[in-house]
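Quick caveat: nothing in here was measured; it's all calculated off a predicted structure. Numbering of ligands and ligand atoms starts at 1, following listing order.
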Amino acid sequence: MSAKRDYYEVLGVDRKAPADEIKKQYRKLALKFHPDRNNTADATEHFKEISEAYAVLSDDAKRQLYDRHGHEGVDGRYSREDIFAGAQGNFDEVFGRAGDFESIFENIFGGRAGGRGGDFGTKRGADRMYETTVTLEEVLRGKQIDTEIKKRITCTDCRGSGCNPGTGKNRCRACGGLGQIKQTRRMGFAAFVTAMPCSACRGQGVIVESPCSACKGQGNKKGKKFCSFKVPPGVTTGDYIIQGEGDEVPDGENGDLILRVRVKEHELFERDGKNIHILLPISIVDAALGRTIDIPTLDGKTTVKISSGSQPDTIIKVKGRGVPHIQQGGGRGDMHVHLVVTVPKKLNRTQRNLLEEFQRESNR
Ligand SMILES: [Zn+2]
Ligand SMILES: [Zn+2]
């Protein structure tokens with residue numbers, strides 16, 4: 001009902017602005033309006049507004065939805081909590097993981113960005129991000145990762161119940177256990193019904209009799225968890241989801257771990273899907289006479305035969321020495337050897353004599 005401002009306008013960027021410009025601009029504004037730094041009355045509101053805009057515009061899928069259908073498109077599909085939960089990694093990117101801003105999200109949005117999500121439907125934990133760089137050799141074999149992930153984990157003191165031992169939860173009297181309070185406002189002919197999360201129970205519908213002192217009744221708390229997984233062979237640069245390895249929510253759905261993979265450029269090989277390409281400089285003499293040469297591959301050496309009379313830009317295909325496809329599995333692609341015929345810049349006396357003889361022979 002309230003007129004929501006255009007997200008691009010809020011961040012002051014062009015509709016076509018690339019992702020990193022949006023990130024830069026958000027960072028600039030967030031530092032300016034962060035309530036810890038900015039005491040003006042509407043700083044918090046403004047911080048919320050730019051954060052929401054960034055949460056949507058930093059997420060490819062949501063940005064597309066917004067571009068096509070505006071606020072309705074996004075709000076119709078995602079709850080506010082979903083929007084922030086989905087963008088957790090993007091905020092981490094701006095502020096650094098576990099940065100100073102963590103507490104601000106807890107204060108402003110009630111729970112780690114999206115972590116609570118409790119108003120309507122099941123609670124869902126926030127997503128976490130793990131970034132890794134893989135070499136082309138690791139693309140061939142896959143990469144085992146054993147690491148600790150910082151996230152909210154189930155409280156061991158109360159086993160996630162949020163209650164001190166021997167105590168329980170009672171239905172919230174303010175909202176009758178619904179977790180929300182409906183308000184009807186008459187404006188002219190129309191009646192507007194708005195549902196707000198109940199503030200007494202923070203949308204949970206229940207009130208913890210005696211909150212667990214270790215987790216303040218949340219059921220989960222900041223911690224670390226060991227996580228072991230394999231980046232599969234054939235991986236490409238992009239984001240992969242490891243379900244349920246994000247923030248733990250004892251009575252809801254765990255968030256996901258977003259695995260952000262960047263495949264490093266190789267100094268010799270260029271990758272093109274399953275195939276890899278290598279440049280092989282050879283002399284004009286080798287091209288003319290032919291030769292067998294040992295060349296490197298991603299796993300050991302192989303021998304290629306250059307046939308006599310090879311022309312510049314000839315491609316020799318070495319079957320099965322590329323990389324696998326992440327989904328198709330099984331076979332590897334090929335290695336393409338591009339012949340780069342080079343002309344010697346310096347000749348010694350003998351080489352010069354021989355080539356001069358070759359020249360005389362050719363021009364006869
Ligand atoms: Zn606890
Ligand atoms: Zn309530």
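Two different hydrophobic clusters hold Met335 and Leu279 under the rule that ILVMFWY side chains link at heavy-atom gaps under 4.5 Å. A continuous path of hydrophobic side-chain contacts links Ile284 to Ile316 [ILVMFWY only; heavy atoms under 4.5 Å].
Here the angle centred on the Zn ion (ligand 2), running from SG of Cys201 over to SG of Cys175, is 110°, rounded to 10°. Rounding to the nearest 10°, we obtain 100° for the angle at the Zn ion (ligand 1) between Cys212 SG and Cys215 SG. Vertex the Zn ion (ligand 2); arms to Cys172 SG and Cys198 SG; angle rounded to 10 degrees, 110°. For Cys155 atom SG and Cys158 atom SG, the angle they make at the Zn ion (ligand 1) is roughly 110°, to 10 degrees.
For the Zn ion (ligand 1), the N/O/S atoms of Cys163 include none lying under 2.8 Å.
With salt bridges taken as basic N to acidic carboxylate O contacts below 4.0 Å, one links Arg352 and Glu356.
Counting heavy atoms from C-beta on, the side chains of Glu52 and Val10 never come closer than 4.5 Å.
Looking at Asp6 and Tyr66, their side chains do bring a donor and an acceptor atom within 3.5 Å of each other.
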